[in-house]
> 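One structure, as structure tokens, below. Some questions next.
Residue numbers start at 1 and run along the sequence shown.
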Amino acid sequence: MPHPKPLEPKALAGRRILVTRTADRARALASLLTGAGAEPIVLPLIDFERAEDQSPLDAAVDRLSAGGFDWLVVSSITTVRVLLEQAAERGVALAHLVPAGTRVATIGESSRRALESVGLAVALAPTEAQSAEGLLGLWTMAPEQVFLPQADIAAPGLREGLAAKGADVTAVTAYHTVDYPARTERRLTAELPSAVVVQDHTPRMVSPAEAREALDAGTMDAVVLASPSGARRIARDFPELGRCQVIAIGRPTAAAASQLGLTVAATAKEPTPDGIVAALESVFANEGNPQ
């Protein structure tokens, strides 16, 4: 995949960018923004907890490790964390939890890098449209047994699309999406591989009250929506964004934001830190630098 062209540093110099992710997941983007002269500010909106009823997930993972599935489909980086916890509970590495005969498909670049960094080969992943639709566009397999662990609020499109193509899909709730912060006793604790975490950059984090004050004062230039659930939280808790521009990580998030009445200034062509920064640059390239 070609690397995005270098960005003009003046476009983002002095811009204050609100990133709606937890600090650990925002580091890579924050590092790029800082390098472009912007000030990244992190506002965690959503968090993730283990499923209330673990038995369907446990049973499906047992079946996975026994070779009962032809495919494992990983639709998010949070699913990788769930699988890492499942492997740790069984005392094995994730690469040993998935049998050699089970092929792995994923959607996002960060999920692919995380899986490959722990020894799992990814057999299928879209490189252009990194979305459920992108993966379905590549799916040509005949009847297959597919394991699809997902969030409790996952849209049905991927499951239904795989089934429409002849797959026998076992979809289970792998984790719950909750308002930040997750309960300590239920929070996912598995550390993501270093391949997807920038260790040396800890962005500044603010509370919702601090974010509200900055938005009201007009001192926040853009907000990055990292998921449809994040868009819902912004629309609910910050209905007035003033001059702050809205950037969506991808088309599903942009669609959710638009349905909620948010005006999306730009959508990242790729749901990656580079793609988000490029979208931000496109918005501010012709506006000049803030004073």
Side-chain angles (χ1 to χ4, degrees), residues 1 48-127 129-152 154-176 186-197:
M1 179 170 55
F48 307 100
E49 295 182 349
R50 298 179 188 89
E52 293 288 348
D53 181 5
Q54 287 283 103
S55 55
L57 176 63
D58 289 337
V61 172
D62 286 342
R63 180 180 165 191
L64 170 71
S65 63
F69 292 105
D70 301 300
W71 283 88
L72 165 65
V73 175
V74 177
S75 58
S76 72
I77 192 68
T78 306
T79 301
V80 177
R81 296 185 69 184
V82 171
L83 293 171
L84 286 168
E85 287 201 353
Q86 286 282 320
E89 289 173 2
R90 290 163 171 77
V92 299
L94 180 53
H96 297 146
L97 185 69
V98 182
T102 300
R103 288 169 289 179
V104 178
T106 190
I107 291 174
E109 175 68 14
S110 59
S111 298
R112 183 189 64 78
R113 285 191 287 113
L115 292 168
E116 290 179 344
S117 72
V118 297
L120 278 176
V122 175
L124 190 66
T127 57
Q130 295 180 27
S131 63
E133 292 79 7
L135 180 61
L136 289 170
L138 298 177
W139 193 274
T140 59
M141 280 56 73
E144 301 270 51
Q145 297 290 324
V146 175
F147 176 34
L148 177 61
Q150 290 184 300
D152 58 323
L158 182 54
R159 172 180 53 82
E160 293 176 351
L162 291 170
K165 293 203 168 197
D168 183 357
V169 183
T170 298
V172 301
T173 297
Y175 59 93
H176 289 283
R186 300 211 65 85
R187 177 181 286 116
L188 295 174
T189 57
E191 293 290 335
L192 290 171
S194 58
V196 295
V197 176

> Measuring from L97:CG to L120:CG, what's the distance to the nearest 0.5 Å?
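That separation rounds to 8.5 Å.
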
> Which pair of heavy atoms, one from A155 and one from Q150, lies closest together, and at what distance?
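It is O-NE2, 4.2 Å.
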
> How far apart are the C-alpha atoms of L136 and L158, what are their side-chain angles, what is the distance that settles it, and do they pass the side chain to side chain contact (heavy atoms under 4.5 Å, CB included) test?
CA-CA 7 Å; L136 289 170; L158 182 54; 4.1 Å; yes

> Answer yes or no: does atom CD of E52 have more than 12 heavy-atom neighbours from other residues, nucleotides or ligands under 6.0 Å?
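More than 12 heavy atoms, drawn from other residues, nucleotides or ligands, come within 6.0 Å of this atom.
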
> To the nearest 0.5 angstrom, please state how far the OG1 atom of T189 sits from the CG atom of L84.
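Here the interatomic distance stands at 10.0 Å.
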
> Given 3.5 Å as the limit, does a donor-acceptor pair link the side chain of R186 with the main chain of A51, or not?
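Yes.
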
> Has R112 got a side-chain atom pairing as donor or acceptor with A125's backbone, closer than 3.5 angstrom?
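Such a contact is absent between R112 side chain and A125 backbone.
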
> Looking only at non-hydrogen atoms, find the nearest pair between A114 and I77 and report the distance.
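Looks like CB-CD1, 3.7 Å.
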
> Give the intermediate values and the outcome of side chain to side chain contact (heavy atoms under 4.5 Å, CB included) for residues V169 and V73.
CA-CA 10 Å; V169 183; V73 175; over 6 Å; no

> Hey, could you give me the NE2/CZ distance between H176 and R50, rounded to the nearest 0.5 Å?
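Reported value, rounded in 0.5 Å steps: 12.0 Å.
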
> Hey, could you give me the CG/CG distance between L83 and L115, rounded to the nearest 0.5 Å?
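Reported to 0.5 Å precision, the distance equals 7.5 Å.
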
> Is the shortest side-chain heavy-atom distance between L57 and V82 below 4.5 Å?
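Counting from C-beta outward, L57 and V82 do come under 4.5 Å.
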
> Over 60° means perpendicular and under 30° means parallel, so tell me whether F147 and F69 are parallel, tilted or perpendicular.
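Rings of F147 and F69: parallel, as their planes differ by under 30°.
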
> Could you please spell out the steps behind the salt bridge (charged side-chain N to carboxylate O under 4.0 Å, His left out) verdict for R113 and E116?
CA-CA 5 Å; R113 285 191 287 113; E116 290 179 344; over 6 Å; no

> Can a donor-acceptor pair be found, under 3.5 Å and without considering hydrogens, that links the side chain of E85 to the backbone of A190?
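Yes, E85 side chain to A190 backbone: donor-acceptor pair under 3.5 Å.
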
> Which distance, rounded to the nearest 0.5 Å, do you find between the NZ of K165 and the CH2 of W139?
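Here the interatomic distance stands at 9.5 Å.
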
> Working to the nearest 0.5 angstrom, can you tell me the gap between L162 CG and L135 CG?
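Result: 6.5 Å between the selected atoms.
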
> Could you report the tightest heavy-atom contact between T106 and S111, atom names first, then the distance?
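Shortest heavy-atom separation between T106 and S111 comes out as OG1-CB, 3.2 Å.
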
> Please say whether more than 12 non-hydrogen atoms of neighbouring residues, nucleotides or ligands are located less than 6.0 Å from NE2 in H96.
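Count not over threshold, so no.
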
> Checking side chain to side chain contact (heavy atoms under 4.5 Å, CB included) for the pair M141/L124: CA distance, chi angles, key distance, verdict?
CA-CA 11 Å; M141 280 56 73; L124 190 66; 3.8 Å; yes

> Working note: Q86 + R90, criterion side chain to side chain contact (heavy atoms under 4.5 Å, CB included); need CA distance, chi angles, decisive distance, verdict.
CA-CA 7 Å; Q86 286 282 320; R90 290 163 171 77; 2.6 Å; yes

> Is it the case that T170 and Q145 place a side-chain donor and acceptor less than 3.5 Å from each other?
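No pair is found: no donor N or O on one side chain lies under 3.5 Å from an acceptor on the other.
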
> Identify the two heavy atoms, one from S65 and one from P99, that lie closest to each other, and give their separation to 0.1 Å.
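Minimum heavy-atom separation between S65 and P99: O-CG, 3.6 Å.
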
